[in-house]
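Remarks on the structure that follows.
In what follows, every heavy atom counts, from backbone to side chain, and hydrogens, waters and symmetry copies are set aside. When a residue number appears, it is its place in the shown sequence, counting from 1.
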Amino acid sequence: LYIRPDEVMASKHAEAYTDAMDFIFDTYADLVGPMQEYYKKLKPLNAAEYDIDGDGKKEKFTDLTDESDIKAFRRTYKMDIRTKACDTLRYILPLSTKANMGVFGNGRFFQGLLSHCYTSPIPEVRRMAEKAHQALDCHIPRYVKRAKKNEYIDANRRRMTALANDLLTETERETKGHIRLADRPRDQEETDVRTIACMLYAYSDKSLDQLEELVSGLRPEERQVIIDTYVGNRQSRRDRPGRAFETDYPYLFDMLTDFGTYKDLMRHRMTTQIRQKFTPLSGFSMPPDLEAAGFADRARACHERAVELYNTLLSDFPEEASYATLHGNRVRWLLGY
């Protein structure tokens, strides 16, 4: 049901990891039936309407006379109710949940994808790159032979992480969801502050406003250290720093949203996006239907177990700790367009 990272499973945290994940998945399984009953009361069979015969018009169950249509209506209703229940309960599933996906692309795409995965700080992603590379070598070896870890990006990430840890002090984390439209910079000074703040954004847990306030108080030489670290040691035009230089948009939003909202919006490719690490510490968005059905306490219990597991893993496995993040936990990210 869920990823069991090899490194975690070989550590002293293995039991804590599986206990927490089993608790969350058991809770999910226990609530699938009750939530279906809840939605059946909100939408009884006789009140449902579906286009069963494909003529563009919805029919009610009581309008049907053909036996095959009646069976099709019952199947559709059952699937509809189960889908609603699972969509609501998805909020308590962790990011460790296994899923299937498929991709289609040309050789250049796969070479870029493999290089991106090889450069990931997450061991699971790097292992996926190795397996995918082996499979692609059977079909298009010439197109993916240059796929490898991007040393420039990896070095920049490590240096920026260390710099941010030294520079940023611990403050109370925001846990109330929001979507804030950032004011446009009025002059070059504010533009520079915005750009440097965005350089730190992905390596922090701070809002854009907090980072801009911090950068405003830095001396010129301190700002230059951030810029130099972020740009890194470029050897060619292919060594590209991150997205912080792309944030001078008419609209730039600093958002703290649940994972579902993030997944819906992050698919808009014609935007610049900068995301902070997934963590359960930024709060939990309780689905209204789960609360109305009387299961909010069980959802909160899952969130509490996720936070406990995250804090347990964080010092030894800072990347794998994010597996404990629930889909209902909030994500902080920038979106500019």
Side-chain angles (χ1 to χ4, degrees), residues 112 115-117 119-122 149-169 171 173-174 178-257 262 265-279 282 318-319 322 330-337:
S115 296
H116 179 77
C117 291
T119 313
S120 172
I122 303 173
K149 177 181 177 180
N150 188 314
E151 299 293 347
Y152 168 78
I153 292 177
D154 183 66
N156 277 16
R157 180 174 56 233
R158 293 176 187 275
R159 291 174 185 143
M160 281 300 300
T161 299
L163 175 64
N165 289 340
D166 291 339
L167 183 64
L168 303 177
T169 56
T171 57
R173 185 189 293 264
E174 281 189 278
H178 64 255
I179 298 176
R180 295 176 185 156
L181 175 61
D183 294 332
R184 292 211 71 184
R186 292 169 294 183
D187 51 35
Q188 189 60 49
E189 166 65 13
E190 290 190 359
T191 298
D192 292 344
V193 168
R194 168 68 52 83
T195 301
I196 298 171
C198 288
M199 291 178 182
L200 294 168
Y201 190 89
Y203 305 96
S204 77
D205 57 10
K206 308 287 188 291
S207 69
L208 182 61
D209 288 343
Q210 290 174 310
L211 292 173
E212 288 184 339
E213 182 179 356
L214 181 145
V215 172
S216 295
L218 295 179
R219 300 189 302 273
E221 58 269 25
E222 292 175 316
R223 295 185 185 183
Q224 192 61 48
V225 169
I226 299 173
I227 296 171
D228 291 343
T229 305
Y230 190 79
V231 173
N233 183 24
R234 297 185 68 205
Q235 299 296 312
S236 73
R237 62 184 177 83
R238 293 183 177 84
D239 290 337
R240 304 178 201 170
R243 301 279 187 174
F245 292 106
E246 302 175 12
T247 53
D248 189 23
Y249 283 92
Y251 301 100
L252 181 66
F253 294 92
D254 182 16
M255 301 188 285
L256 189 60
T257 66
Y262 166 72
L265 294 178
M266 59 86 68
R267 289 178 281 185
H268 295 274
R269 304 303 184 192
M270 299 304 291
T271 62
T272 285
Q273 302 176 26
I274 304 176
R275 174 180 59 79
Q276 296 180 358
K277 272 190 175 182
F278 295 126
T279 169
S282 296
E319 300 299 334
S322 292
R330 296 192 176 96
V331 185
R332 182 181 289 285
W333 56 303
L334 289 176
L335 186 147
Y337 70 95

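Between Met160 and Leu200, some side-chain heavy-atom pair lies under the 4.5 Å cut-off. The shortest distance between side-chain heavy atoms of Ser207 and Arg332 falls below 4.5 Å. Contact check for Asp248 versus Arg184: side-chain heavy atoms found under the 4.5 Å cut-off. Looking at heavy atoms from C-beta onward, Val231 lies in side-chain contact with Phe245 at the 4.5 angstrom threshold. Side-chain contact check for Gln235 versus Tyr152: every heavy-atom pair is 4.5 Å or farther apart. With a 4.5 Å cut-off on side-chain heavy atoms, Arg234 and Pro241 count as touching. Counting heavy atoms from C-beta on, the side chains of Met199 and Val215 never come closer than 4.5 Å.
For Gly232 against Asn156, the heavy-atom pair with the smallest separation is CA-OD1, 3.4 Å. Residues Tyr201 and Leu334 share a closest heavy-atom pair of CZ-CG, 3.5 Å. Across all their heavy atoms, Ser204 and Leu211 have their closest contact at OG-CD1, 3.7 Å. Nearest heavy atom pair, residue Ile274 against residue Cys198, reads CD1-O, 4.1 Å. Of all non-hydrogen atoms in Leu208 and Asp254, the two that sit nearest each other are N-OD2, 2.9 Å. In this structure, Tyr230 and Tyr203 approach most closely via the heavy-atom pair CE1-CE1, 4.5 Å.
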Handout entry: side chain to side chain contact (heavy atoms under 4.5 Å, CB included) between Ile196 and Leu218, intermediate numbers included
Key = CA-CA 11 Å; Ile196 298 171; Leu218 295 179; 5.6 Å; no
Exercise for the section: Test side chain to side chain contact (heavy atoms under 4.5 Å, CB included) on Arg194 and Thr191 and set out the steps. Expected result: CA-CA 5 Å; Arg194 168 68 52 83; Thr191 298; 5.7 Å; no
Practice task
Evaluate the criterion side chain to side chain contact (heavy atoms under 4.5 Å, CB included) for residue pair Glu246 and Gln273; output intermediate values, then yes/no.
Solution key: CA-CA 9 Å; Glu246 302 175 12; Gln273 302 176 26; over 6 Å; no
Practice task
Evaluate side chain to side chain contact (heavy atoms under 4.5 Å, CB included) for Ile226 paired with Leu167, printing each intermediate quantity in order.
Solution key: CA-CA 10 Å; Ile226 299 173; Leu167 183 64; 3.7 Å; yes
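For the pair Lys277 and Glu319, the salt-bridge criterion is met [side-chain N within less than 4.0 Å of a carboxylate O]. The existence of a salt bridge linking Arg180 and Glu174 is confirmed by a sub-4.0 Å separation between a basic side-chain nitrogen and an acidic carboxylate oxygen.
Between the side chain of Asp154 and the backbone N or O of Asn150, no donor-acceptor pair lies under 3.5 Å. Not a single donor-acceptor pair under 3.5 Å links the side chain of Gln276 to the backbone N or O of Val331. Looking at Tyr251, its side chain never comes within 3.5 Å of a backbone N or O of Leu335 through a donor-acceptor pair. When atom types are taken as modelled, the side chain of Ser322 and the backbone of Phe278 share a donor-acceptor pair closer than 3.5 angstrom. For the pair Thr247 (side chain) and Ala244 (backbone), a donor-acceptor distance under 3.5 Å is present.
Atoms CG and OG1, from Leu163 and Thr229 in turn, are 5.0 Å apart once rounded to the nearest 0.5 Å. Expressed to the nearest 0.5 Å, how far CD1 of Ile227 lies from OG1 of Thr195 amounts to 8.5 Å. Within the model, atoms CG of Leu265 and CZ of Phe253 stand 10.0 Å from one another, a figure rounded to the nearest 0.5 Å. Between the CG atom of Asp192 and the CD atom of Glu212 there is a distance of 11.5 Å, given to the nearest 0.5 Å.
Counting non-hydrogen atoms of neighbouring residues, nucleotides and ligands closer than 6.0 angstrom, the CG atom of Asp183 reaches no more than 12 such neighbours. The neighbour count for Arg275 CZ, taken as heavy atoms of other residues, nucleotides or ligands under 6.0 Å away, is above 12.
Between Tyr249 and Tyr337, the distance from one ring center to the other does not fall under 6.0 angstrom.
For residues 214-228, the set of pairs meeting the salt bridge (charged side-chain N to carboxylate O under 4.0 Å, His left out) definition, not counting sequence neighbours, comprises Glu189-Arg223, Arg219-Glu221, Arg219-Glu222.
For the side-chain hydrogen bond (donor to acceptor under 3.5 Å, both in side chains) test, residues two or more places apart in sequence or in another chain that qualify with Arg267 are Asp264. With sequence neighbours left out, Arg173 forms a side-chain hydrogen bond (donor to acceptor under 3.5 Å, both in side chains) with Asp205, Ser282.
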